[in-house]
Amino acid sequence: MIIAKNLEKNVDTSEGQLCILKGIDLEIKHGETVAIVGSSGSGKSTLLGLLAGLDVPSHGAIFLDGEDITLLTEDERAEVRARLVGFVFQSFQLLPSLTALENVMLPAELNGVSGARALAEKYLGRVGLDHRFNHYPRQLSGGEQQRVALARAFASQPKILFADEPTGNLDSTTGSHIIDLLFDLNREEGATLVLVTHEQRLADRCQHSIKLDAGEIVADDLKSVTAADSSITKDDQ
Amino acid sequence: MFGLRLLWRDWRGGELGILASAIVIAVAIVTGISLFAERLQQGIVAQSNNFLAADRVLQASAPVNPEWLAHAQSMGLQQAQILGFPTMVYTGNDVDAAMQFTSVKAVSDSYPLRGELNVSTEAFGAVTQSTDSPSPGEVWLDPRLLPLMDLEVGNTVFVGEAELTVSQIIVTEPDAGGSFYGLGPRVLMNISDIPATNIVQPGSRVSYRYLFAGETLELDNYGKWLEDKLLPSQKWLGLADVQPQISRSLERAEQFLLLAGALGVGLAGIAIALAARRYSERHYDYVAMMKSLGATSIRIMTIYSSNLLLLAVIATIVGSGLGWLIQEVFINVLQDYFEVTEVPSISLRPFVVGAVTALVCLTSFALPPLISLQGASPLRVLRRDLDRSGVSSAFTYGTGVLGIAVLMYWYSGNLVLTLAVLAGVGMTFAIVGVLAWYLLQGSAKVGMQAGSSWRLALASMRRRGFQNAVQAVIFSLAIMLLLLLALVRSSLIEEWQIQLPEGTPNHFLVNIAKRDVTAVEKLLSDNKMSGEPIYPMVRGRLVTVNQEAIKTWSEKTDPTVEGSVDREMSLTWSDVKPEDNLITDGKWWSVGSSAAEVSIEAELANRMEVGLGDNLSFLVGSESLNVTITSIRELDWESMKPNFYMIFPPGLLEQYPATYMTSFHLPSAEKRFLNQFIKRFPTITVIEMDAVINQIRSIINQISSAVELVLGLIIISGLLVLVASVQASLDSRFQESAILRTLGAKRQLVLGSLAIEFSALGLLAGFLAAFSAELSVFGLQEYLLDMDYVPHPWVWVVGPIVGAVLIGTAGYVTCRKVVNTPPVEVLRDL
Ligand SMILES: Nc1ncnc2c1ncn2[C@@H]1O[C@H](COP(=O)(O)OP(=O)(O)O)[C@@H](O)[C@H]1O
Ligand SMILES: [Mg+2]
């Protein structure tokens with residue numbers, strides 16, 4: 001589903017070139033849940049951005065669903081995103097001038113999918129916000145905003161869901177509710193989940209965990225499927 | 001469809017409000033001013049054409065080819081005819097019958113085509129307006145003829161062999177101005193009675209006037225058709241030829257209105273640019289989000305540009321309506337000053353101008369920031385700190401200035417005007433930008449010792465140094481445009497008023513015999529009539545220039561010269577230079593000179609291509625007079641004072657038979673003085689110019705109040721720009737204020753510092769605006785309006801004060817919202 005080969009990312013700064021990522025090789029299978037862990041500044045968000053096609057690497061190749069997205073233009077990558085990818089962000093990224101419902105409708109509307117409204121209502125209901133359709137983001141709490149963001153991510157029915165520290169701005173209780181919701185939805189939808197986090201607790205719930213340090217992969221362990229499965233099953237009950 | 005929904009959501013969210021209202025204002029101003037200017041012009045031209053009793057006049061010394069008139073007929077032009085000649089009028093055939101030298105005007109039934117006559121049935125009795133003319137067998141008389149000839153309405157008089165009944169007394173005629181119809185008291189009769197008079201024979205001194213009225217376009221076409229058919233003795237006249245004062249005032253007023261309109265567009269353009277920038281900045285995150293969700297840049301461009309287009313269409317419709325309203329209000333306000341009651345027809349042009357303005361403003365001001373939107377990186381959803389490198393101010397303002405330049409040029413059709421305004425704007429940007437930057441840096445240091453509000457304000461000004469410098473430039477641009485307009489307006493109005501000051505001579509006396517000169521002088525001064533000096537007049541003809549016949553000379557130089565000098569000219573002599581004449585070259589002779597020299601009027605000298613030292617010879621009576629040009633004089637032909645092309649030293653002309661002339665001011669309440677005067681000096685001709693002068697004054701007053709109104713409109717749009725500009729900086733102020741207040745700053749402190757910050761910015765902007773306004777006025781007056789520049793010390797005081805007060809108030813009022821919003825609400829939005 002996702003294959004990265006020898007990724008490298010350099011940026012130009014006032015103090016010369018800075019290497020943020022180097023020698024990244026990884027493979028993520030269809031339907032897998034993967035955690036990217038590491039301390040702050042280790043390059044997790046940068047890697048996520050590359051895998052999702054939001055940015056291009058300085059060197060290396062990235063295959064999404066068999067297609068090398070590093071060879072595509074920004075607009076072609078946008079089409080790939082529209083087709084395959086959904087996002088959840090640390091800072092929610094809801095548009096302040098749209099209501100909760102309109103925020104969730106946005107991807108479907110952008111892609112010209114019919115029935116955007118019904119779809120959006122369904123997913124908002126699924127995250128438990130039936131009664132808040134017409135509220136603006138500023139009228140919602142952080143947890144509620146992130147739930148809207150989850151609804152938005154799944155409403156586009158993506159094959160791959162990228163989440164960048166989805167609980168980073170939330171207290172731990174709210175955060176774990178959001179995570180439960182994320183895993184539940186993901187299982188129902190059968191998407192590949194790539195989750196960036198610095199919390200080991202969260203990484204433990206994924207089948208596969210990749211540890212970054214200073215832009216390099218220091219550990220990539222494919223855990224026992226049973227352990228991950230049992231944790232999900234346990235949570236479900 | 002999605003684009004529409006986005007537009008609607010933006011509108012609902014208040015995001016679009018500023019942008020939309022800026023476009024609406026731009027369209028409204030431009031449409032309103034164009035409509036108003038058009039109607040004003042039509043109204044005033046119609047009114048001014050009363051001076052001709054027509055829209056155009058064909059003047060001739062013999063009947064013109066009837067085919068010409070038939071052609072005018074076929075073009076649908078209205079026509080009337082006038083015959084003018086001097087003649088004696090008698091009360092009867094007996095020896096003791098009264099007789100009087102008069103100037104007869106015989107008119108066709110359709111006279112007057114424009115304007116009306118004021119008539120009465122009693123000398124100095126109640127006046128009624130009439131658009132009729134005398135019927136066959138009737139005659140209408142100048143009121144002075146009644147006492148002079150001992151007549152009453154109902155009596156009969158003889159014009160030549162025709163006996164006509166006096167049926168009305170003429171108080172004013174629409175086309176009385178000047179001396180086209182001779183100098184004696186007026187006798188108005190029907191043209192069909194002319195054959196019965198037996199006066200008009202081939203070769204008799206009769207002037208013919210053919211009056212035309214109709215659509216301007218048709219009249220112009222007809223004039224073009226006539227152009228190469230006209231003989232030198234035939235002239236096609238319009239308002240400009242007959243009433244140059246009014247035509248010039250109108251022309252300048254029009255230029256002023258155009259200038260005002262162009263500035264209005266400029267101001268609205270700034271507002272649009274500010275609003276569009278703010279809009280695109282706010283939409284940066286939107287676009288990043290849409291891109292991360294898979295929208296391509298083409299998709300985004302389509303969405304935004306079609307939204308913009310839709311916005312333009314809606315704003316144009318609303319703006320046109322508003323423009324119409326503005327203009328209606330203006331016309332209603334002016335109704336009191338306007339004598340024209342009929343509403344002139346309106347063309348589509350103002351609306352086209354408005355729509356084009358909206359489109360150009362949008363593409364040049366709003367499109368660049370929106371184009372830069374598509375450059376928003378989708379990575380922004382992960383990294384909020386990513387800079388918004390796409391929004392380039394230089395590009396935005398560059399295309400904006402270009403757009404304004406194109407609009408102004410298209411709008412005014414005047415390159416000099418466009419360049420003058422652009423130079424002013426460019427200068428403001430360059431000089432003011434740099435100055436503002438340095439002054440802001442300096443002020444921050446000075447303020448550090450001051451109280452806490454001050455410290456906060458100055459620290460904030462320094463922190464936002466660049467942003468504030470840009471804002472100061474925009475503020476000063478707005479203030480500068482307002483000052484500029486105010487300055488041009490006051491010098492225009494001043495000049496119009498100087499043109500015909502109170503006490504301008506309004507009556508001319510000609511044909512004064514030498515023996516009457518002292519008596520006339522005494523009578524005038526006894527009655528406290530302020531008069532001009534009395535000038536002698538000798539008729540003479542210019543025959544050679546530097547020993548070359550005038551005909552061959554003028555063929556070499558300017559062929560039209562021959563027409564204007566190949567007739568008898570009025571030559572005068574004087575020891576002293578006429579007071580308001582200005583010697584531009586050479587020098588005036590010493591008192592009592594009898595040297596063979598002459599002083600020539602500058603315009604004529606220029607056309608004839610003669611100068612100091614050239615030799616002119618005149619034929620006076622049967623003798624020839626050879627003189628050398630020793631001075632060149634400039635004079636104001638519109639001053640209503642005796643003016644002469646040629647002035648000689650006294651010794652040269654004194655031996656020739658001369659008549660004398662002068663002009664004086666007669667207050668309207670003392671009109672009866674003329675009866676007394678004419679009884680005493682029956683041979684002197686009085687030319688009454690008071691009606692003409694009054695009409696010119698009233699028209700100039702109308703134009704002046706129109707100019708004031710337009711200035712008011714522009715001031716309003718200037719204020720809107722200020723508000724838009726203050727609002728553009730609100731977003732960051734909301735955050736700052738919220739943070740300051742969470743840190744414990746009192747509302748009063750924050751508000752105080754905001755007020756100080758804005759007032760200081762305004763003060764600075766006002767000062768800089770005064771500077772660039774003076775520069776632009778200088779350019780405009782020297783190069784465009786053809787007026788003399790005088791510095792205006794008051795703008796240096798008014799500019800900064802107005803700036804500080806206006807911007808301080810605008811800032812304070814707008815920012816009250818900032819401090820009245822609970823900090824939590826702001827912080828949650830971050
Ligand atoms: N465009 C950029 N310019 C400069 N430095 C960058 C840029 N993008 C990322 N970095 C740096 O690269 C490092 C990794 O960033 P990031 O991927 O956001 O880390 P993480 O998400 O693991 O906290 C950080 O030190 C960050 O400052
Ligand atoms: Mg990160």
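Remember, it's a predicted structure, so these values are computed and weren't measured experimentally. Labels below follow one simple rule: chain letters A, B, ... track the order of the sequence lines, proteins then strands, and each chain is numbered from 1.
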(request) Mind listing the closest non-hydrogen atom pair of B:Val27 and B:Thr316 along with its distance? (result) CG1-O, 3.8 Å
(message) What I want to find out is whether A:Arg83 reaches A:Glu67 closely enough, with some N-O distance under 4.0 Å, to be called a salt bridge.
(response) yes
(request) Answer with side chain, backbone, both or neither: which region of A:Arg152 has an atom nearer than 4.5 Å to a non-hydrogen atom of chain B? (result) side chain
(request) List for me each residue that meets side-chain hydrogen bond (donor to acceptor under 3.5 Å, both in side chains) alongside A:Asp213, sequence neighbours excluded, and say none if there are none. (result) none
(message) If you count heavy atoms of other groups shown closer than 6.0 angstrom to CG of B:Leu310, is the number above 12?
(response) yes
(message) My understanding is that only residues two or more places apart in sequence, or in another chain, count here; which of them pass salt bridge (charged side-chain N to carboxylate O under 4.0 Å, His left out) with A:Arg147?
(response) none
(request) Report yes or no: is the cationic atom of A:Arg126 (NZ for Lys, CZ for Arg) closer than 6.0 Å to the six-membered ring centre of A:Tyr123, at no more than 45° off its axis? (result) no
(request) Using a heavy-atom cutoff of under 4.5 Å, enumerate the residues of residues 48-62 of chain A that contact chain B, numbered in order, or state 'none'. (result) A:Leu48, A:Gly49, A:Leu54, A:Asp55
(message) Looking at chain B, which one of A:Ser156, A:Gly86, A:Ala78 has the largest number of heavy-atom pairs inside 4.5 Å, strictly under?
(response) A:Ala78
(request) Not counting sequence neighbours, list each pair that qualifies as a side-chain hydrogen bond (donor to acceptor under 3.5 Å, both in side chains) and has a residue in residues 157-166 of chain A. (result) A:Ser45-A:Asp164, A:Glu165-A:His198
